[in-house]
Amino acid sequence: MAIEVDTFALSLRSTDTGRRLTANIYFVDGVTDAAGLPRALSISELVMAICLDRAAKLEAGIIGLMDEMSVTTAQLEAMTIIEQDVVDWAGRTKSKSTMPLADSSLPTGAPYEGTSYYDFLVTLNVIGRNVTGVVVNGDADTSSLTYDDFIAAVESAMDSCNSFSQQKMIELQSQTSKRDQAYDMISNILKSVNTVLVGTANNM
């Protein structure tokens with residue numbers, strides 16, 4: 001935020017030197033009057049502009065963090081659906097069988113609805129592109145994972161997402177606290193300036 005300072009003469013004069021007293025006014029990029037010209041700000045208004053600028057930047061960061069957490073939550077929900085479906089399928093299967101991951105898709109209303117299990121899991125690097133199915137009650141081959149290995153891979157990815165969410169939650173709390181402090185600073189400084197002005201007026 002670029003700030004320019006200008007000085008103007010007051011009507012009062014110094015009791016010591018007899019010279020006219022001066023005061024500062026401030027100009028901030030982006031703060032204009034009704035005519036679109038730079039608006040002269042008092043020190044109180046300058047403080048407000050600085051604090052609001054900081055709060056706005058923090059707010060943008062908070063929104064970004066919330067968007068990241070929303071994406072992670074959707075990924076966790078989708079992986080939970082896939083894992084439960086594979087668990088249910090394995091529980092119904094008594095002999096060796098392979099579940100093709102490309103043949104099943106996330107249901108309507110779920111995150112990433114319509115996306116095949118294969119495409120979703122490959123995109124998140126949960127499985128390799130060569131892994132096209134899950135084998136239960138038998139050994140895996142070059143294009144499949146055993147049921148246990150598949151569940152372990154999904155659980156590992158979910159743990160990573162949970163750790164990511166916890167880290168982002170800590171960042172979110174920190175950024176929110178800093179934003180609130182910026183708003184509190186506006187209130188505190190304006191109260192202090194008002195107290196000084198009232199005291200000065202009472203002494204005149």
Side-chain angles (χ1 to χ4, degrees), residues 1 29-30 49-184 186:
M1 174 184 288
D29 285 347
I50 292 172
C51 290
L52 287 175
D53 179 68
R54 173 169 171 75
K57 290 177 180 177
L58 289 168
E59 192 72 43
I62 289 170
I63 293 172
L65 286 171
M66 292 178 69
D67 287 342
E68 290 184 59
M69 293 176 66
S70 178
V71 170
T72 302
T73 299
Q75 291 173 348
L76 279 167
E77 185 177 345
M79 281 190 280
T80 300
I81 292 171
I82 293 172
E83 181 182 40
Q84 188 61 55
D85 191 22
V86 173
V87 168
D88 292 343
W89 164 77
R92 297 190 301 268
T93 305
K94 303 304 179 184
S95 58
K96 179 180 178 180
S97 183
T98 301
M99 177 180 182
L101 294 173
D103 289 354
S104 299
S105 301
L106 288 159
T108 301
Y112 306 96
E113 68 172 78
T115 304
S116 72
Y117 292 177
Y118 173 81
D119 289 338
F120 177 79
L121 295 173
V122 167
T123 300
L124 265 63
N125 294 317
V126 179
I127 60 174
R129 289 192 173 278
N130 62 309
V131 177
T132 59
V134 181
V135 176
V136 67
N137 299 324
D139 296 328
D141 53 36
T142 56
S143 63
S144 62
L145 289 175
T146 64
Y147 169 79
D148 289 341
D149 288 342
F150 176 81
I151 296 300
V154 173
E155 289 287 344
S156 177
M158 293 175 71
D159 288 343
S160 295
C161 285
N162 281 321
S163 296
F164 177 83
S165 291
Q166 291 172 0
Q167 176 187 348
K168 292 301 177 182
M169 179 59 73
I170 293 172
E171 291 182 32
L172 179 62
Q173 291 171 343
S174 175
Q175 294 297 306
T176 301
S177 176
K178 291 177 181 178
R179 180 204 59 191
D180 293 344
Q181 287 173 2
Y183 289 128
D184 289 341
I186 294 174

Response to the item:
Residue pairs meeting ring pair (Phe, Tyr, Trp, His ring centres under 6.0 Å), one or both in residues 120-161, sequence neighbours left out, come to Y112-F120
Worksheet item: Quick one: are K178 and S174 in side-chain contact, heavy atoms under 4.5 Å?
Response: yes
Discussion item. Counting C-beta onward and ignoring hydrogens, is there a side-chain heavy-atom pair between M99 and T93 closer than 4.5 Å?
Written reply: no
Item to complete: Please report the closest heavy-atom contact between C51 and A182, naming both atoms and the distance.
Response: CB-O, 3.6 Å
Worksheet item: Which heavy atom in S116 sits nearest to a heavy atom in S105, and how many Å separate them?
Response: CA-OG, 3.8 Å
Discussion item. I'd like to check the salt bridge (charged side-chain N to carboxylate O under 4.0 Å, His left out) partners of E171; sequence neighbours left out, ordered by chain and number.
Written reply: K168
Worksheet item: What residue pairs, at least two apart or across chains, pass ring pair (Phe, Tyr, Trp, His ring centres under 6.0 Å) with a residue in residues 50-90?
Response: none
Discussion item. Please enumerate all residues that pass side chain to side chain contact (heavy atoms under 4.5 Å, CB included) together with D148, with sequence neighbours excluded.
Written reply: T146
Discussion item. I want to check something: taking the side chain as every heavy atom from C-beta on, are Q181 and S177 in contact at a cut-off of under 4.5 Å?
Written reply: yes
Practice prompt. Kindly indicate whether the side chain of M158, heavy atoms from C-beta on, has any atom under 4.5 Å from the side chain of T80.
Written response: yes
Worksheet item: Which pairs pass salt bridge (charged side-chain N to carboxylate O under 4.0 Å, His left out) with one or both residues in residues 75-92, sequence neighbours excluded?
Response: none
Considering only distance and modelled atom types, tabulate donor-acceptor pairs under 3.5 Å from the side chains of residues 127-135, sequence neighbours left out.
{"from": "N130", "atom 1": "ND2", "to": "T142", "atom 2": "O", "distance (Å)": "3.1"}
{"from": "T132", "atom 1": "OG1", "to": "S143", "atom 2": "O", "distance (Å)": "3.0"}

Worksheet item: For the residue pair V154 and M79, what are the closest heavy atoms and their distance?
Response: CG1-O, 4.1 Å
Worksheet entry | D141 and S144 side chains, donor-acceptor separation under 3.5 Å | yes
